[in-house]
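All values below were derived from every heavy atom in this structure, side-chain atoms included, with hydrogens, water molecules and symmetry-related copies excluded. Lettering follows sequence order; numbering is per chain, from 1. Here the structure is a predicted model, which means the values were calculated and not measured.
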Amino acid sequence: QRTESECPSCGGPTLAPQAERALILQLAKQQILEGLHMTSRPRISHPLPRAALTAALRRLQPGSVAAGNREEIISFATVTGSSAAPCGSVLTFHLPTPRSHHLYRARLWLHALPTLPGTLNLKIFRGTQRRRHRGPRTLLAEHQVTLPGWQALTLPPSGLRGERSGVLRLQLDCRPPKDNNGTVVGAPRRRFLDTAGHQRPFLELKMRAGEPGVGRARRR
Amino acid sequence: TPTCEPATPLCCRRDHYVNFQELGWRDWILQPEGYQLNYCSGQCPPHLAGSPGIAASFHSAVFSLLKANNPWPAGTSCCVPTARRPLSLLYLDHKGNVVKTDVPDMVVEACGCS
């Protein structure tokens, strides 16, 4: 407790090593929480399956986040809808509370099963038409899935913004592959997408601090 | 910048490594395992003011102005950080999302007398 006019870092009574260590640990907690704009540490009530986390982390670029105060986020989906349906599932994401960061890139990662015969035409809607979550549904993107395994499907960042509650629902709508004379290939209700276990779908979001245009001088 | 030795009373960098396990935070901070929480402490006699080089903190500019207008500033010279670097963190947030970010100015690399 020094008076303002003196330099607080210019020495003073030295602390006992234990007391100094306890103080350092307390400072570290405070510094990390302040650096992450948190008031308390997160409580992990449902630990993520390690395999799902590892599979997803492999998708994040290795190394440090690019300069310019950017963030990368992976948000895992909770899947509702019949897992036996070829598609039509609703993926619900609980996104971080938006701060001043601006979303500039979004990809939805899905794992296609080896049973995928031919090309699957996949439409991704924001919102859902399911009874419990009825609301407007807008088409975000349309993709052709031709290969089994992890698929990165680009979504328009503008279509994902504006969700104050942080809860984002996407509905997958796909047409099973058809042969040349228009008949469905393979069993009509076969599953083509794997949404369980460590193949759980997730969103990969890239954020940049500030809104577009901030920091650039505006000339009138 | 010298790292602090017990016998060194002058401005120096005091190094501490904090392991997140020690904080009980390994469940939500995935990477790294810990980080350097260094800080600056020690005396800054007048002849060391402004050495080594200009301190990175904002009030070094104030001291420069004071020096320019009054060679003997009324305040004291402080031991402050002169260089810092960000800390890359991979962590789980309150909603279970995985976040990768760089927290700026988290690790003190060098100290000096402002």
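Interface remark: A:Leu203 contributes no atoms to any contact with chain B (heavy atom separation under 4.5 Å). With a threshold of 4.5 angstrom between heavy atoms, A:Glu20 approaches chain B through side-chain atoms but not through N, CA, C or O. A:Ser40 touches chain B through backbone and side chain together, each having a heavy atom under 4.5 Å away. When heavy atoms are compared at a cutoff of 4.5 Å, B:Val98 approaches chain A by way of both its backbone and its side chain. Contact annotation for A:Leu53: only side-chain heavy atoms (C-beta onward) come within less than 4.5 Å of a heavy atom of chain B.
Close placement of the B:Phe20 and B:Tyr35 rings is indicated, their centers lying within 6.0 Å of each other.
If you check the gamma sulfurs of B:Cys11 and B:Cys79, they are less than 2.5 Å from each other. The SG atoms of B:Cys44 and B:Cys78 do not sit under 2.5 Å apart.
Looking at B:Ser41 and B:Arg14, their side chains do bring a donor and an acceptor atom within 3.5 Å of each other.
Taking the six-membered ring where tryptophan is involved, the planes of B:Trp28 and B:Tyr91 are perpendicular, since the angle between them exceeds 60° and thus also 30°.
Per-residue counts of heavy-atom pairs under 4.5 Å with chain B were compared for A:Leu27, A:Ile73, A:Ile32; the largest is that of A:Ile32. Counting heavy-atom pairs closer than 4.5 Å to chain B, the top-ranked of the candidates A:Gln26, A:Arg43, A:Gln31 is A:Gln31. Between chain B and the options A:Met38, A:Glu34, A:Arg21, the largest number of non-hydrogen pairs under 4.5 Å is found for A:Arg21.
Judged by the 6.0 Å distance and 45° axis criteria, A:Arg70 is positioned over the aromatic ring of A:Tyr104.
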